[in-house]
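Okay, so here's the structure we're looking at.
No experiment lies behind these values; they were computed from the predicted model shown. Chain naming here is simple, since letters A, B, ... match the order of the sequence lines and numbering starts at 1 in each.
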Protein chains: 2
Amino acid sequence: MSHESARELALLLRRLNVELDAVTTRFADLHGLNRTDVRALVAVMDAARRGEALTAGRLGEAVDLRSASVTALVDRLEKVGHLRRTRDAEDRRRVVLEMSETALAAGGEHFGGLARDLTGAMEGYTDDELAVVRRWLEDMTAVITRHNRAEPDGA
Amino acid sequence: MSHESARELALLLRRLNVELDAVTTRFADLHGLNRTDVRALVAVMDAARRGEALTAGRLGEAVDLRSASVTALVDRLEKVGHLRRTRDAEDRRRVVLEMSETALAAGGEHFGGLARDLTGAMEGYTDDELAVVRRWLEDMTAVITRHNRAEPDGA
DNA sequence: CAGTAACCTCTCGACGATCGAGATAATCGA
DNA sequence: TCGATTATCTCGATCGTCGAGAGGTTACTG
């Protein structure tokens with residue numbers, strides 16, 4: 001009965017989400033940070049990987065914080081040496097953020113290590129199987145995204 | 001190249017996680033709650049579905065809060081009418097928590113509606129395909145769980 | 001059945017993260 | 001040059017969480 005299967009998969013998805021959340025929490029605990037700090041560092045890492053240097057304002061958009069909170073956030077991360085502030089030479093109103101080498105290394109170790117383990121666990125799958133999984137992930141993400149953007153609790 | 005596929009799937013997983021997080025945040029925003037409040041209500045709902053009545057202490061374990069915070073949490077939810085406190089007749093030290101009908105309805109609408117949409121989106125899949133997805137979800141969850149329980153950042 | 005240990009929840013005071021409002025400084029356009 | 005705009009920061013206030021400890025309830029033990 002496919003419907004029953006589907007229900008189980010929805011529950012599995014929830015468990016997976018809990019564990020994925022715990023990845024962030026664990027990194028935070030290990031390094032004396034809170035979840036927001038970790039999300040911020042990840043945002044800076046992602047930007048760096050894309051070759052962009054994040055400004056304070058864009059970081060605020062990425063983690064959904066107001067400017068006052070971003071200032072406090074960057075203060076915290078700068079104080080412990082994970083982040084550096086630099087005035088942008090071209091537009092001196094801007095503050096560009098750079099991760100320290102140690103923070104980059106710690107983040108790469110933790111999150112990159114997980115990514116490595118995940119891809120490793122996928123080696124036992126055929127390309128066809130992974131294609132199915134991919135389609136499923138995209139479909140589920142689309143459904144959830146639509147749900148999140150929809151009218152307040154419309155059917 | 002299967003390795004490339006795997007990397008993409010890891011990224012998809014991350015996006016999915018972000019959207020799943022947003023489900024909680026959205027429900028919170030719609031009802032004037034914070035994320036912890038929502039997690040607590042979900043915990044009470046889950047317990048109710050299992051036929052258990054949650055106590056304040058067990059709720060604290062479920063959402064990982066100390067007793068002082070649980071008191072404040074239940075105060076908040078009781079004040080807006082989402083939760084009722086009752087002294088347990090058998091062990092009068094205990095406070096058992098029950099969701100109000102309106103809160104149950106709102107939660108069922110939001111989260112049940114999403115579950116319905118998700119299972120609906122899975123109708124286009126064969127049982128074999130869903131079996132592949134299921135195996136993959138279980139494998140990934142196992143990897144992440146191990147990662148979360150492992151020695152601090154061991155290779 | 002008395003006394004004590006263990007348990008469950010609550011109160012209180014403190015701290016930290018976030019915010020809104022407004023200040024400060026730099027850039028852009030006319 | 002001057003006003004409008006942009007980017008960040010400062011300040012004071014609010015809210016969620018916690019540690020310590022109090023108060024009441026149950027279980028154990030002799």
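- One interatomic measurement links the two molecules: CG of A/D75 to P of C/dC19, which rounds to 15 Å at whole-angstrom precision.
- Across the protein-nucleic acid pair, B/L59 atom CG and C/dC10 atom C1' stand 15 Å apart, rounded to whole Å.
- Cluster annotation: A/L83 and A/V96 are assigned to distinct hydrophobic clusters (Ile/Leu/Val/Met/Phe/Trp/Tyr, side-chain heavy-atom contacts under 4.5 Å, transitive).
- Between the B/S100 side chain and the B/G81 main chain, a donor and an acceptor come within less than 3.5 Å of each other.
- Under the 3.5 Å distance criterion, with hydrogens and angles disregarded, a donor-acceptor pair is assigned to the side chains of A/R35 and A/T25.
- No side-chain donor-acceptor contact under 3.5 Å links B/R92 to the backbone of B/R87.
- In this structure, B/H31 has its ring center at least 6.0 angstrom away from the ring center of B/H110.
- Residue contacts for B/R58: at a heavy-atom cut-off of 4.0 Å it reaches no nucleic acid atom on any strand shown.
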Quick one: which protein N/O atoms are closer than 3.5 Å to N/O atoms of nucleotides 14-17 of chain D? Pair and distance per line, please.
unit_1	atom_1	unit_2	atom_2	d
D/dG16	OP1	B/N34	ND2	3.4
D/dT17	OP1	B/T36	OG1	2.5
D/dT17	OP2	B/R76	NH2	3.2

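- No donor-acceptor distance shorter than 3.5 angstrom exists from the side chain of A/R94 to the backbone of A/G57, with no hydrogens or angles considered.
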Sequence-aligned protein contact record of nucleotides 23-30 of chain C, with B where the base is within under 4.0 Å of a protein heavy atom and S where only the sugar-phosphate is: ---BS---

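- Legend: residues meeting side-chain hydrogen bond (donor to acceptor under 3.5 Å, both in side chains) with A/D64, ordered by chain and number and at least two apart, are A/R66.
- The pair B/R135-A/E129 counts as a salt bridge, with a side-chain nitrogen and a carboxylate oxygen less than 4.0 angstrom apart.
- Residue contacts for A/R35: at a heavy-atom cut-off of 4.0 Å it reaches no nucleic acid atom on any strand shown.
- For C/dC8, the base has no donor-acceptor partner in the side chain of B/S67 [N/O atoms by modelled type, under 3.5 angstrom].
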